[in-house]
*Asks:* 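This structure is in structure tokens; I'll ask about it shortly.
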Amino acid sequence: VTSTPLEEVPSAGQVDDCILAEHYTPCGALRATAPHAASQLHVHKLSSMLVMVKTVRLGELQTARQRHRAVTEWRLLRALRHKHIARLVHVMRDIDTAYEGGPSAETLLLVCEYCAGGSLEAYVTRYGALPEKNAARIVGQLNAALVHCHEREIFHRGVRAANVLLDASFRNCKLADFSSAVRTNSGTLTAASSNELHYQAPEPTPSPSLKPSLNPHPSDPIPNPSPN
């Protein structure tokens, strides 16, 4: 296994030029998260810290935009440091790793903080809705994380339960997965709106069928006229 710094970095010091296998040992199954990406739990050999390693096979990305977004994710995470945002630990580019079901490929390695509680989506699916007090605490933590992002003109654009990770106590959360994030100013925010249609406000959506209508549905009850 070999690794080299990314060409896109402003300075070589921003990328840890090291070999993954020398510092981390895999301790979990490789799980595909996209056609060109996967994640796997690792343990740091010196500190025994658990981390999640996200692999993005750059050679399988079809367009320059996809490659740009893959690189943008770690560059934005480098600018964020908040207790409710999953921390980026290492960034590497591996050019000599074989993957199941395919040949070796140039791969971006993002070593991120591990959250033992899993995603909020998995928690709700298994245990049901959060009590109001717990939900309010999670929302407050997410709000603090988003304020931190927005103060740096970084917009996540993919805030949903699957991208909210919980700690082992299930009381605290961290915002994760900045693969759809952008850095922009308020003047271009609308144009850079998220493609997470099920989680965004209807106003900026391109499809008229998803926008709110002023016409009542035929099944809606007709209100009684107010008495004079």
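Hydrogens, waters and symmetry mates play no part in the numbers below; they use all other heavy atoms, side chains included.
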*Asks:* Evaluate the side-chain proximity of R157 to V182: yes if any heavy-atom separation is below 4.5 Å, no if none is.
*Replies:* yes
*Asks:* If you compare all heavy atoms of V164 against all heavy atoms of C173, which two are closest, and at what distance to 0.1 Å?
*Replies:* CG1-CB, 3.7 Å
*Asks:* Once you round to the nearest 0.5 Å, how far does NE2 of H23 lie from NE2 of H44?
*Replies:* 6.5 Å
*Asks:* Can you tell me how far NE2 of H156 sits from CZ of F178, rounded to the nearest 0.5 angstrom?
*Replies:* 4.5 Å
*Asks:* About how many Å separate NZ of K174 and CG of L142, when rounded to the nearest 0.5 Å?
*Replies:* 11.5 Å
*Asks:* Decide if the gap between the ring center of Y24 and the ring center of H90 is smaller than 6.0 angstrom.
*Replies:* yes
*Asks:* Rounded to the nearest 0.5 Å, how far apart are CG of D177 and OG1 of T33?
*Replies:* 8.0 Å
*Asks:* Side-chain heavy atoms nearer than 4.5 Å, only ILVMFWY residues, links allowed to pass through others: does that put L80 and L108 together?
*Replies:* yes
*Asks:* Taking all non-hydrogen atoms of both residues into account, name the closest pair between E121 and A162 and its distance.
*Replies:* OE1-CB, 3.5 Å
*Asks:* When hydrophobic residues are tied together by side-chain contacts of less than 4.5 Å, even through go-betweens, does L166 share a cluster with V139?
*Replies:* no
*Asks:* Just so I know, are the side chains of E73 and K54 near enough to count as touching, which here means a heavy-atom distance under 4.5 Å?
*Replies:* yes
*Asks:* Is it the case that the side chain of K45 and the backbone of A21 share a donor-acceptor pair, with hydrogens and angles ignored and the cut-off at 3.5 Å?
*Replies:* yes
*Asks:* So do the side chains of L165 and S119 get within less than 4.5 Å of each other, counting heavy atoms only?
*Replies:* yes
*Asks:* With side chains defined as the heavy atoms from C-beta onward, is the minimum distance between L88 and V111 less than 4.5 Å?
*Replies:* no
*Asks:* Evaluate the side-chain proximity of L110 to V53: yes if any heavy-atom separation is below 4.5 Å, no if none is.
*Replies:* no
*Asks:* One pair to check against side chain to side chain contact (heavy atoms under 4.5 Å, CB included): E153 and T184. What are the steps and the verdict?
*Replies:* CA-CA 6 Å; E153 298 185 338; T184 182; over 6 Å; no
*Asks:* Following the transitive rule for hydrophobic clusters with a side-chain heavy-atom cut-off under 4.5 Å over Ile, Leu, Val, Met, Phe, Trp and Tyr, establish whether V43 and L41 coincide in one cluster.
*Replies:* yes
*Asks:* Can you name the closest pair of heavy atoms from L50 and C27 and give their distance?
*Replies:* CD2-SG, 3.9 Å
*Asks:* If two hydrophobic side chains count as joined below 4.5 Å and joins carry through other members, does V91 share a cluster with I154?
*Replies:* yes
*Asks:* Determine whether a donor-acceptor pair (N or O, by modelled atom type, separation under 3.5 Å) exists between the side chain of N163 and the backbone of G158.
*Replies:* yes
*Asks:* To the nearest 0.5 Å, how far apart are CZ in F170 and CG in N134?
*Replies:* 11.5 Å
*Asks:* Taking all non-hydrogen atoms of both residues, which atom of A181 and which atom of T72 are closest, and how far apart?
*Replies:* O-CG2, 4.3 Å
*Asks:* Quick one: list whatever passes side-chain hydrogen bond (donor to acceptor under 3.5 Å, both in side chains) with R87, sequence neighbours left out.
*Replies:* none
*Asks:* For a 4.5 angstrom cut-off between non-hydrogen side-chain atoms, does V56 reach L109?
*Replies:* no
*Asks:* A quick test of your reading: do over 12 heavy atoms of other residues, nucleotides or ligands sit less than 6.0 Å from CZ of R152?
*Replies:* yes
*Asks:* Taking all non-hydrogen atoms of both residues into account, name the closest pair between A176 and A86 and its distance.
*Replies:* CB-CB, 4.1 Å
*Asks:* Take L130 and Y123 through the test side chain to side chain contact (heavy atoms under 4.5 Å, CB included) and record every step on the way to the result.
*Replies:* CA-CA 9 Å; L130 292 170; Y123 180 92; 3.3 Å; yes
*Asks:* With clusters defined by side-chain heavy atoms of hydrophobic residues (ILVMFWY) lying less than 4.5 Å apart, directly or transitively, does M92 cluster with M49?
*Replies:* yes
*Asks:* Mind checking the NE2-CD1 spacing from H84 to I138? Nearest 0.5 Å is all I need.
*Replies:* 8.5 Å
*Asks:* May I ask you to test the L76-R183 pair for a side-chain heavy-atom distance under 4.5 Å?
*Replies:* yes
*Asks:* Please find the pair of heavy atoms, one from S39 and one from M52, that lie closest to each other, and give the distance.
*Replies:* CB-SD, 4.0 Å
*Asks:* With distance as the sole test, does R137 use its side chain to make a donor-acceptor pair with the main-chain N or O of N172 at under 3.5 Å?
*Replies:* no
